[in-house]
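Computed from a predicted model, the values in this text were never measured in an experiment.
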Amino acid sequence: RYLGYESSGILIDSYYYVGDNAGLFHCIDINTMELIWTQDVQDDINATPVFEWEEEGVGYIYLTPSLDYTAKNAVGSISIYKINASNGEIVWPYPIECVSIDGISGGALASPILGKPGSDIEDLIIYSIGRTPTAWKGSLFALDKQTGEVVWETETGNYAWSSPLAFYTDEGKSYIFTSNASGVSRMIDGESGEILNLLDLDQTVEASPVAFENYMVLGTREAIYAFKIN
């Protein structure tokens, strides 16, 4: 298996959570540098995970690997995982079939959206999965955080490396912006997964967008764009 780290870690109190290229996800006490636990998620971890406190002070981590050494140039399976942060136990996995070709992995290369408390997606974790079900397609998967069941799935056209971005109204209505590698961007209803609008920049998009109020900035390989969201 490969050595090294490409995803960012999570620091909660004195515990550092980080995943490596071998598919091992670690919890480390940074005061003592003691390894508290390790969980094997089967393949290369490229997408940065997210952490959430739930009731009674129990923390959970969501993470998903990409399809790398377990199925080079082949069809294989990765899973979206919910992991108990205190002991490393897998609460649930949701497996997804995807494709890895020409040294470019399928699976997760983008960080997820963790539904904001008080919004219409507060119960959802939303992942962009690349090269599923075929090599030149991708989808957003919205899963129920408690059960791991799919609430909705929306195709993104080509695969996406750019992380999806959520916008919220003052009333908690959610909208999701996502761009695929071909530069086709979609505005999606967060609760239903319905595609509301589509914009084709016809430029390669790999970077994730950022937002401030109702403005958004998106970089491509050719230019940097600023959009106003009406």
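In this structure, Trp152 contributes its side chain and Leu140 its backbone to no donor-acceptor pair below 3.5 Å. In this structure, Tyr168 contributes its side chain and Lys116 its backbone to a donor-acceptor pair below 3.5 Å. For Thr132 (side chain) and Glu97 (main-chain N/O), a donor-acceptor pair under 3.5 Å exists by modelled atom type. When atom types are taken as modelled, the side chain of Tyr17 and the backbone of Ala85 share a donor-acceptor pair closer than 3.5 angstrom. Within the 3.5 Å criterion, the main-chain N or O of Asp68 finds a donor-acceptor partner in the side chain of Asp43. For the pair Asp20 (side chain) and Tyr5 (backbone), a donor-acceptor distance under 3.5 Å is absent. Under a 3.5 Å cut-off, the side chain of Gln39 and the backbone N or O of Gly88 do form a donor-acceptor pair.
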| Does the pair Ile78 and Gln42 meet the rule for a side chain to side chain contact (heavy atoms under 4.5 Å, CB included), with working shown? | CA-CA 8 Å; Ile78 55 92; Gln42 306 302 316; over 6 Å; no

| message | Test side chain to side chain contact (heavy atoms under 4.5 Å, CB included) on Phe227 and Leu218; report intermediate values, then the result. | response | CA-CA 8 Å; Phe227 301 99; Leu218 176 68; 4.0 Å; yes

| request: For the pair Asn158 and Val184, evaluate side chain to side chain contact (heavy atoms under 4.5 Å, CB included) and give the outcome as yes or no after the intermediate values. | output: CA-CA 8 Å; Asn158 201 353; Val184 179; over 6 Å; no

| said: Could you go through Tyr60 and Glu52, starting from their C-alpha distance and side-chain angles, then the distance that decides it, and tell me whether this counts as side chain to side chain contact (heavy atoms under 4.5 Å, CB included)? | reply: CA-CA 5 Å; Tyr60 294 92; Glu52 182 178 43; 5.6 Å; no

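No side-chain donor-acceptor contact under 3.5 Å links Asn180 and Thr156. Residues Asn21 and Glu6 have side chains that bring a donor and an acceptor to within less than 3.5 angstrom of each other.
Grouping the Ile, Leu, Val, Met, Phe, Trp and Tyr side chains by contacts below 4.5 angstrom, directly or via other members, places Ile96 with Trp92. Val210 and Met216 fall into different hydrophobic clusters, where Ile, Leu, Val, Met, Phe, Trp and Tyr residues are linked whenever their side-chain heavy atoms come under 4.5 Å apart, directly or through other members. Leu63 and Ile126 are assigned to two separate hydrophobic clusters, defined by single-linkage of ILVMFWY side chains at heavy-atom distances under 4.5 Å. In the hydrophobic clustering of this structure, Ile101 groups with Tyr159; members are Ile, Leu, Val, Met, Phe, Trp, Tyr whose side-chain heavy atoms approach within less than 4.5 Å, directly or through other members. Hydrophobic clustering of Ile, Leu, Val, Met, Phe, Trp and Tyr side chains at less than 4.5 Å, counting indirect connections, keeps Ile12 apart from Val18.
For the side-chain hydrogen bond (donor to acceptor under 3.5 Å, both in side chains) criterion with Asn46, the lone passing option out of Ser105, Ser111, Ser66, Ser7 is Ser66.
Closest non-hydrogen pair, Ile30 versus Tyr16, comes out as CG2-CB, 3.6 Å. Of all heavy-atom pairs spanning Ile121 and Ser174, the tightest one is CG2-OG, 3.3 Å. Considering every non-hydrogen atom in both Ser163 and Pro209, the closest pair reads O-CD, 3.3 Å. When all heavy atoms of Pro95 and Ser79 are compared, the closest pair comes out as CA-OG, 3.4 Å.
Distance CE/Met187 to CZ/Phe177: 6.5 Å, rounded to 0.5 Å. In this structure, the separation between CD1 on Ile176 and CG on Leu165 is 9.5 Å, given to the nearest 0.5 Å.
By the 4.5 Å heavy-atom criterion applied to side chains, Arg221 and Glu206 are counted as neighbours. You'll find the side chain of Pro112 stays beyond 4.5 Å of the side chain of Thr64, heavy atoms only. In this structure, Ile104 and Trp161 have side chains that are in contact, with non-hydrogen atoms separated by less than 4.5 Å. Contact annotation: the side chain of Thr220 approaches that of Tyr225 to within less than 4.5 Å [non-hydrogen atoms, C-beta and beyond]. With contacts defined as side-chain heavy-atom distances shorter than 4.5 Å, the pair Tyr15/Asp29 qualifies. In this structure, the side chains of Thr169 and Tyr175 come closer than 4.5 Å at one or more pairs of heavy atoms.
Between Lys173 and Asp120 there is a salt bridge, with a side-chain nitrogen of the basic residue lying less than 4.0 Å from a carboxylate oxygen of the acidic one.
Taking the six-membered ring for Trp and thresholds of 30 and 60 degrees, Trp37 and Phe25 have ring planes inclined between 30 and 60 degrees apart.
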